[in-house]
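All figures in this text were calculated on a predicted structure; none of them were measured in a lab. Just follow the structure's listing: the first ligand is 1, and inside any ligand the first atom is 1.
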Amino acid sequence: MSFKHFEYKGVTFADGVYTKESLAYAENEFKVLDDDVYNLTYPKSGSNWMIQILNLIKHKGDLEKSNTVPIFMRSPWYEAVGCLEEIQKMESPRILSSHLPHHIFAKSFFKSKAKIIYTMRNPKDIIVSLYHYTKILKIFEPAENFQNFIEDFIQGKVLGGSWFDHVKGWMQMKDDSRFFFITYEELIQDIRGSVVRICKFLGLELDEAQIALVVKYSTFKSMSENKMTNWSQIPPEIMDQSKGSFMRKGISGDWKNHFTVAQSEYFDKVYQEKMKDINIKFFWEQ
Ligand code: A3P
């Protein structure tokens with residue numbers, strides 16, 4: 001594994017970004033509010049894209065109002081070290097982020113009326129995105145070998161732990177009215193329709209012009225050019241963007257440029273085996 005890490009309840013976490021204490025607090029003590037909205041993802045699934053969409057929806061497409069702080073501070077990861085102080089200052093309704101798996105998520109959520117939006121992505125594209133991320137995020141030793149990285153991902157020895165367990169865990173909530181799931185691929189294919197569905201889930205009504213603004217300011221191009229959303233303000237000692245950009249490609253299917261046929265077939269076999277008990281055909285499988 002190419003980063004300093006520790007285990008908490010069977011999941012791998014990056015040292016420093018999280019501590020056992022921050023996770024225990026997030027799980028057992030953190031108070032979820034009834035009007036909170038949680039942007040839940042496995043890393044590299046489109047977390048920041050969803051932060052932008054949700055904040056724009058909250059401000060009815062007004063970029064200035066949703067853009068007051070850089071995106072990595074706008075909807076903090078509530079389980080990460082050092083985020084609580086900011087969260088306590090936030091006005092309701094709060095939009096918060098989390099990478100936690102279902103079995104570690106805030107206990108108080110399950111007694112609340114708060115809502116979760118869970119964004120998933122084709123795991124092959126996550127592997128590629130995460131692989132490149134290891135080259136720019138300073139907590140990592142750059143992964144040298146793509147084959148080993150695929151293996152680490154399969155075994156959950158990467159940032160975020162096991163993708164398979166993450167998805168299977170959260171999908172237990174798929175029929176809960178507080179839970180909405182969507183895929184990165186659906187966002188790519190139909191961003192306007194996705195925004196409309198998200199608004200409906202949140203019980204918010206935006207008019208056509210407001211929806212158009214949400215769409216306009218959440219495109220890959222717009223977010224890449226916007227210094228409040230492109231991560232350019234993250235200090236170089238945390239992320240070295242001379243080696244690659246956080247806003248890397250923003251497409252679905254880039255795995256085809258990285259996986260050999262043999263690696264793809266091998267991953268598909270592992271996927272079938274690990275996901276066999278889940279009765280959902282995900283968008284990327286169609
Ligand atoms: P790539 O590395 O494949 O380009 P996260 O926010 O969960 O860390 O996910 C990062 C991934 O989402 C990166 O994928 C990034 O480029 C992509 N992304 C961010 N904003 C996007 C947008 N507006 N449209 C499409 N992809 C976006």
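- What sits closest to atom 13 (C) of ligand 1 on the protein, heavy atoms only, is Ser129 OG, 3.8 Å.
- Looking at Lys44 against ligand 1, both its backbone and its side chain come within 4.0 Å, counting heavy atoms.
- Between the side chain of Arg178 and the backbone N or O of Lys113, no donor-acceptor pair lies under 3.5 Å.
- Within the 4.0 Å heavy-atom cutoff, Tyr42 does not count among the residues contacting ligand 1.
- Here the two rings, on His99 and Phe13, have centers that are 6.0 Å apart or farther.
- Residue Asp125 has no N or O atom closer than 3.5 Å to an N or O atom of ligand 1.
- Geometrically, ligand 1 and Gly250 share a nitrogen or oxygen pair separated by less than 3.5 Å.
- Below 30°, between 30° and 60°, or above 60°: for Phe259 and Trp255 the angle between ring planes is above 60°, a perpendicular geometry.
- Under a 4.0 angstrom heavy-atom cut-off, His132 registers as lying outside contact with ligand 1.
- Note on Glu273 versus Lys269: no salt bridge recorded, every NZ/NE/NH1/NH2 to OD/OE distance being 4.0 Å or above.
- Closest to atom 23 (N) of ligand 1, if we only count protein heavy atoms, is Ser218 O, 3.0 Å.
- Applying the 4.0 Å criterion to heavy atoms of Met247 picks out, from ligand 1, the atoms 16 (O), 19 (C), 20 (N), 21 (C).
- Remark: minimum distance from atom 7 (O) of ligand 1 to any protein heavy atom is reached at Ser47 OG, 2.4 Å.
- Counting the atoms of ligand 1 from 1 in the order shown, those under 4.0 Å from a heavy atom of Ser45 are 7 (O), 9 (O).
- If you look at Thr219 next to ligand 1, the close heavy atoms, those under 4.0 Å, all belong to the backbone.
- Considering both main-chain and side-chain atoms, Gly46 comes within under 3.5 Å of ligand 1 through a nitrogen or oxygen pair.
- The nearest heavy-atom contact from the protein to atom 15 (C) of ligand 1 is Phe246 O, 4.0 Å.
- Between Phe181 and Phe179, the ring planes are tilted. Angles from 30° to 60° get that label.
- When ring centroids are compared, Tyr18 and Tyr8 stay outside the 6.0 Å threshold.
- Residues Trp284 and Tyr184 keep their aromatic ring centres 6.0 Å or farther apart.
- Ligand-side atoms of ligand 1 in range of Asn48: 5 (P), 6 (O), 8 (O), range being under 4.0 angstrom from any heavy atom.
- Ring pair Phe110/His102: centre-to-centre distance below 6.0 Å.
- Put simply, part of Arg121 is less than 4.0 Å from ligand 1, judged by heavy atoms.
- Counting heavy atoms closer than 4.0 Å to ligand 1, residue Ser222 contributes nothing at all.
- In this structure, Tyr184 has a heavy atom closer than 4.0 Å to ligand 1.
- Between Thr41 and ligand 1 there is no heavy-atom distance shorter than 4.0 Å.
- A donor-acceptor contact shorter than 3.5 Å links the side chain of Ser218 to the backbone of Val214.
- Classification of Asp268 and Lys124 as a salt-bridged pair holds, one side-chain N sitting under 4.0 Å from a carboxylate O.
- Below 30°, between 30° and 60°, or above 60°: for Phe30 and Tyr38 the angle between ring planes is above 60°, a perpendicular geometry.
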